[in-house]
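Only one structure is covered here, and it is reproduced in the block below.
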There are 2 protein chains.
Amino acid sequence: MKTSEKNIERLLLYRRILISLKNGGKTNIYSKQLASLADCTPEQVRRDIMSIGYSGSPVHGYDLKKLINSISEFLDANNLQKVALVGLGHLGRSIIDYFQGRRPKLMIAAVFDRDPDKIDRVMHGCRCYSTEKILEVIPKENINVAIIAVPASGAQGVADLLVQAGIKGILNYAPVKLTLPPDIYVENRDMILAVEKVAYFARKITTEGSCT
Amino acid sequence: MKTSEKNIERLLLYRRILISLKNGGKTNIYSKQLASLADCTPEQVRRDIMSIGYSGSPVHGYDLKKLINSISEFLDANNLQKVALVGLGHLGRSIIDYFQGRRPKLMIAAVFDRDPDKIDRVMHGCRCYSTEKILEVIPKENINVAIIAVPASGAQGVADLLVQAGIKGILNYAPVKLTLPPDIYVENRDMILAVEKVAYFARKITTEGSCT
DNA sequence: AATATATTGTGAATATATTCACAGTGTTAT
DNA sequence: ATAACACTGTGAATATATTCACAATATATT
Ligand SMILES: NC(=O)c1ccc[n+]([C@@H]2O[C@H](COP(=O)([O-])OP(=O)(O)OC[C@H]3O[C@@H](n4cnc5c(N)ncnc54)[C@H](O)[C@@H]3O)[C@@H](O)[C@H]2O)c1
Ligand SMILES: NC(=O)c1ccc[n+]([C@@H]2O[C@H](COP(=O)([O-])OP(=O)(O)OC[C@H]3O[C@@H](n4cnc5c(N)ncnc54)[C@H](O)[C@@H]3O)[C@@H](O)[C@H]2O)c1
């Protein structure tokens, strides 16, 4: 089966839910239960799990530990995958605080900012470099993913540099549409658009009734 | 036509692109150009625009000003729509900084935190209340949208309170799946899942070639 | 005035995603 | 043993989203 973007998103969510259930002492789960926790249908859960080649038992459902392992095998890199963060403002700091150490196979390995006050500071074990070092550090550290957390005005320039340095995936928090080569994967996390979207649906619910 | 979540997302993006083009002095645009800026197809652009009841001319394409107005009429509230923010940490502060004043019809009207040091402080014209005031302030101010920017451990409790206070749409930045009544619209912006997703596709590109 | 051109708007075709429906399976209760 | 049960895995049906393909339109050109 071809795994689409949505499949991947759901698998990532399942894994998070499953890990937390496992930590709570649970050992197995049924598609129906997982579906209810992940806000989707049992059929979707079963198909998604099928798509990664794992299968459960009609009697015990899915073994939590094995399923988590299968999902991880499918989604994660074999070795540690390194991530760069650009922009060490409020958002950047929050990202480091909450991301670092949470996922065993992912690590923020370098931080960049252009503010001289921030350069050479060390946070959560990673040093902040000048953005001028992007072309040097990223290939050296073998980083292929980057998070952009600089103001909108600087984002395109930063993105161009990152691509030039060999980055293949970008998580962009700046509220601009980046223009990049088609072989770069970009995920936009535009806060303003997100609030607008929620506001739209909240309004529909308020004035009309139910919704998505 | 029925407007789906994706239609709304694209319309919001078009509007942002169109506003910035208009500020640059442009007066009209063709579906092809907008599609290329929004990373979609011209047919999608035309259908989306059709769906809100606007139409362009086969010769001049779409009039920027009129199109922006039509989209806004479709997407925005008639009056100011008020938003609450819960959690005034790094992320919360960044959200206020970058959101407030950006959209004419949306405004963060109240901020809540449980840290006594933050309560009663005023930022960008909005006062920080104790979370205990949620049930009082939200109905009084007629707020129907909320942004959650507290740590994962507190998010579900905060969400329950918000729903009780009458909130209909939640933008959740905490990395937990919230369990809420089905008539509440929830948009999750989980940073960890987002990085994992980008890392997955970046890896696919790196090892295989092209991608989504 | 006729022709060529570029674009919109949209029905129809296609592709993708989701849901339905049920056979196959091991377990438990009788 | 056998029947009843609750679940998985999955082909088929359905629903949704996207793309194709082209008539209709207004202008520019000759
Ligand atoms: N999508 C979201 O969820 C979300 C939430 C909050 C903020 N944001 C966005 O994230 C961005 C950063 O927000 P913030 O609150 O951290 O801002 P901030 O002003 O606190 O920090 C920005 C940082 O980027 C650095 N910087 C600026 N230009 C740079 C450049 N060209 N190269 C390298 N570094 C540069 C600055 O020195 C500063 O350290 C903004 O665009 C904001 O809109 C997004
Ligand atoms: N999705 C994203 O893009 C993204 C990015 C960064 C951080 N985050 C998440 O956002 C959350 C906040 O991050 P941060 O860096 O601002 O954290 P922070 O520790 O700087 O701030 C958290 C704030 O919430 C307040 N708080 C804690 N519990 C509360 C409660 N029960 N009720 C009300 N207020 C409470 C604290 O007093 C503090 O002011 C975390 O869950 C983090 O994982 C998400």
Side-chain angles (χ1 to χ4, degrees), chain A residues 1-14 17-18 21 26-68 70-71 74 182 197 201 204 210-212, chain B residues 1-14 17-18 21 26-68 70-71 74 182 197 201 204 210-212:
Chain A
M1 182 217 182
K2 210 166 59 75
T3 41
S4 70
E5 214 161 322
K6 284 197 169 176
N7 292 139
I8 301 300
E9 281 177 16
R10 279 198 301 261
L11 285 167
L12 288 163
L13 179 59
Y14 299 158
I17 292 169
L18 296 169
L21 290 172
K26 223 169 165 6
T27 62
N28 58 284
I29 193 170
Y30 299 109
S31 61
K32 208 192 272 195
Q33 303 177 294
L34 182 50
S36 131
L37 292 167
D39 273 347
C40 62
T41 66
E43 293 84 1
Q44 255 171 345
V45 168
R46 296 206 294 272
R47 280 206 194 281
D48 288 337
I49 290 176
M50 240 178 39
S51 80
I52 62 166
Y54 184 74
S55 57
S57 127
V59 180
H60 304 109
Y62 301 97
D63 181 279
L64 270 189
K65 193 153 164 257
K66 286 183 189 160
L67 178 52
I68 293 170
S70 288
I71 296 179
F74 184 83
K197 182 178 164 193
F201 286 107
K204 287 206 99 171
S210 122
C211 143
T212 303
Chain B
M1 180 216 184
K2 210 167 59 77
T3 40
S4 70
E5 215 161 323
K6 283 196 170 175
N7 292 138
I8 301 300
E9 280 177 16
R10 280 197 301 261
L11 285 168
L12 287 164
L13 178 59
Y14 299 159
I17 292 169
L18 295 170
L21 291 173
K26 223 168 166 0
T27 62
N28 59 285
I29 193 169
Y30 299 109
S31 61
K32 208 193 272 192
Q33 303 176 294
L34 182 51
S36 131
L37 292 167
D39 274 348
C40 61
T41 66
E43 293 84 1
Q44 257 172 345
V45 168
R46 296 206 293 273
R47 280 207 194 279
D48 288 337
I49 289 176
M50 239 178 38
S51 78
I52 61 165
Y54 184 73
S55 58
S57 128
V59 180
H60 303 110
Y62 302 96
D63 181 278
L64 270 189
K65 195 155 160 253
K66 286 182 189 162
L67 178 52
I68 293 169
S70 289
I71 296 179
F74 183 84
K197 182 178 164 192
F201 286 107
K204 286 207 98 172
S210 125
C211 143
T212 305

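Keep in mind that what you see is a predicted model, and the values were worked out from it rather than measured.
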Checklist entry - Is it true that a side-chain atom of Y30(A) and a backbone atom of V59(A) form a donor plus acceptor pair closer than 3.5 Å? => result yes
Checklist outcome for this item: Rounded to whole Å, CG of L67(A) lies from C1' of dT8(D) at a distance of 13 Å
Checklist entry - If you check every side-chain atom of R47(B), which of dA12(C), dT19(C), dG9(D) has the closest atom? => result dA12(C)
Item to check | Q44(B) CD - dG9(C) P separation (whole Å) | outcome: 16 Å
Item to check | Whole-Å distance separating the CZ atom of R10(B) from the C1' atom of dT16(D) | outcome: 12 Å
Item to check | S70(B) (side chain) donor-acceptor with K66(B) (main chain) under 3.5 angstrom | outcome: yes
Next on the checklist: Please report the distance, rounded to the nearest Å, between CE in M50(B) and P in dT7(C).
Outcome noted: 19 Å
Next on the checklist: Closest approach to the side chain of V59(A), judged atom by atom: which nucleotide of dG26(C), dC7(D), dT8(C) is it?
Outcome noted: dG26(C)
Item to check | Interatomic distance, K32(B) NZ vs dA6(C) P [rounded to whole Å] | outcome: 9 Å
Next on the checklist: Between R46(B) and R46(A), which residue's closest nucleotide on DNA chain C lies nearer the 5′ terminus?
Outcome noted: R46(B)
Item to check | Nearest to side-chain heavy atoms of S55(B), which nucleotide of dG9(C), dG26(C), dT18(D) | outcome: dG9(C)
Checklist outcome for this item: By the Watson-Crick or G-U definition, both distances under 3.5 Å, dA17(D) is matched with dT14(C)
Item to check | Length of the line joining D39(A):CG and dT18(C):P, which is rounded to integer Å | outcome: 14 Å
Checklist outcome for this item: Of the listed dT27(D), dT19(D), dT8(C), the closest approach to the P58(B) side chain comes from dT8(C)
Next on the checklist: By nearest heavy atom, map S57(A) and T41(A) onto DNA chain C; which one lands nearer the 5' end?
Outcome noted: T41(A)
Next on the checklist: Base, sugar-phosphate or nothing for E43(B)? Non-hydrogen atoms, less than 4.0 Å.
Outcome noted: base
Item to check | More than 12 heavy atoms from other groups under 6.0 Å of NZ on K26(A) | outcome: yes
Checklist outcome for this item: Output for pair (K6(B) NZ, C40(B) SG), nearest 0.5 Å, gives 11.5 Å
Checklist entry - Rounded to the nearest Å, what distance is computed from the CG atom of residue D48(A) to the P atom of nucleotide dT18(C)? => result 8 Å
Checklist entry - To the nearest Å, how far apart are I49(A) CD1 and dC7(D) C1'? => result 13 Å
Checklist entry - Any side-chain N or O of Y30(B) under 4.0 Å from OP1/OP2 of dT5(C)? => result no
Checklist entry - Just by distance, with hydrogens left out, do D63(A) and N28(A) show a side-chain donor and acceptor under 3.5 Å apart? => result no
Checklist entry - For Y54(B) and dG9(C), is the shortest distance between a side-chain N/O and OP1 or OP2 below 4.0 Å? => result no
Checklist outcome for this item: Side-chain contact check for K6(B): nearest option of dT10(C), dG9(D), dA17(D) is dA17(D)
